Amino acid sequence: VGPREGKATARDKAPASLNAVFSPGADDGDELAALAPRNAVDAARAIDAVFEGPLPVEHTLAVIKPGTADEHRAEIMREIRAHGFTIAAQRRARLSKEQVESFYEEHRGKFFFDRLTSYIASGPVIAMVLAKPGAIKSWRSLMGPTNTFKARTDAPSSLRARFGIDGTRNATHGS
Ligand code: ATP
Ligand code: MG
């Protein structure tokens with residue numbers, strides 16, 4: 001954003017800044033192109049003044065599963081951003097079988113539990129925190145149905161339809 005005194009100071013001190021390049025006036029004291037808050041308190045006050053009430057930003061955990069993480073990471077992250085999510089945090093990780101078993105604890109005892117946990121532990125995943133209003137529902141909808149083949153028929157543009165391989169290797173996780 002650059003100095004807030006005006007275009008003259010901005011040009012002098014930060015010639016590449018928004019205020020140096022885009023301010024409509026020519027002198028200090030004239031209209032500025034942009035204003036940035038000085039600190040978090042100012043920022044919170046400014047947000048409250050423009051938007052009524054708290055912004056309903058929601059966070060959701062997204063994981064790109066092994067294989068897909070190496071092959072299609074860039075395309076999937078592009079798609080995520082194109083759907084208006086902010087990627088608030090991102091981490092590449094390799095999880096042990098024990099870590100995956102506790103992550104998918106709710107499925108322990110089911111017939112696909114061993115297949116699922118061996119697969120997720122088989123290679124690096126990309127874990128992300130996605131943020132936007134309604135993030136949880138919106139991410140599940142972008143992923144598509146759990147089963148890759150059902151995704152291909154019912155939601156052909158979804159991530160699981162496009163990048164899933166079979167019933168277990170379904171590209172992404174959401175929670
Ligand atoms: P996830 O929890 O990975 O986001 P989900 O919530 O859509 O997926 P769950 O029912 O929680 O679906 O199943 C967890 C994962 O277990 C699925 O994503 C898939 O990889 C695997 N899975 C689920 N059902 C089956 C099945 N019938 N056969 C093989 N694998 C399955
Ligand atoms: Mg699940």
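Counting convention: from 1, in listed order, for ligands and their atoms alike. All of these numbers come straight from a predicted model, not from anything done at the bench. Worth knowing before you read on, the calculation uses all heavy atoms, side chains too, and leaves out hydrogens, waters and symmetry mates. Here, residue 1 is the first one in the sequence, and each next residue gets the next number.
Aromatic ring centres of H59 and F85: separated by at least 6.0 Å.
Within a 6.0 Å radius of CD in E31, other residues, nucleotides and ligands contribute 12 heavy atoms or fewer.
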Between the protein and ligand 1, which nitrogen or oxygen pairs come in under 3.5 Å, and how far apart is each?
unit_1   : atom_1 : unit_2 : atom_2 : d
ligand 1 : 2 (O)  : H173   : ND1    : 3.0
ligand 1 : 3 (O)  : K65    : NZ     : 3.0
ligand 1 : 3 (O)  : Y104   : OH     : 2.7
ligand 1 : 3 (O)  : H173   : ND1    : 3.1
ligand 1 : 4 (O)  : R160   : NH2    : 3.3
ligand 1 : 4 (O)  : H173   : ND1    : 2.9
ligand 1 : 4 (O)  : G174   : N      : 3.0
ligand 1 : 6 (O)  : R140   : NH2    : 2.8
ligand 1 : 7 (O)  : R140   : NH2    : 2.7
ligand 1 : 7 (O)  : T146   : OG1    : 2.5
ligand 1 : 7 (O)  : R160   : NH1    : 3.1
ligand 1 : 8 (O)  : R160   : NH2    : 3.2
ligand 1 : 11 (O) : H107   : NE2    : 2.8
ligand 1 : 12 (O) : T146   : OG1    : 3.4
ligand 1 : 13 (O) : H107   : NE2    : 3.4
ligand 1 : 18 (O) : K65    : NZ     : 2.9
ligand 1 : 18 (O) : N170   : ND2    : 2.7
ligand 1 : 20 (O) : K65    : NZ     : 3.2
ligand 1 : 20 (O) : T168   : O      : 2.8
ligand 1 : 20 (O) : N170   : OD1    : 3.4
ligand 1 : 30 (N) : T168   : OG1    : 3.2

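The backbone N or O of A26 lies less than 3.5 Å from a partner atom in the side chain of D30, making a donor-acceptor pair. Using modelled atom types, one side-chain atom of T117 and one backbone atom of F113 make a donor-acceptor pair closer than 3.5 Å. A donor-acceptor contact shorter than 3.5 Å links the side chain of S158 to the backbone of A155.
Closest approach of A69 to R73, counting heavy atoms only: O-CB, 3.0 Å.
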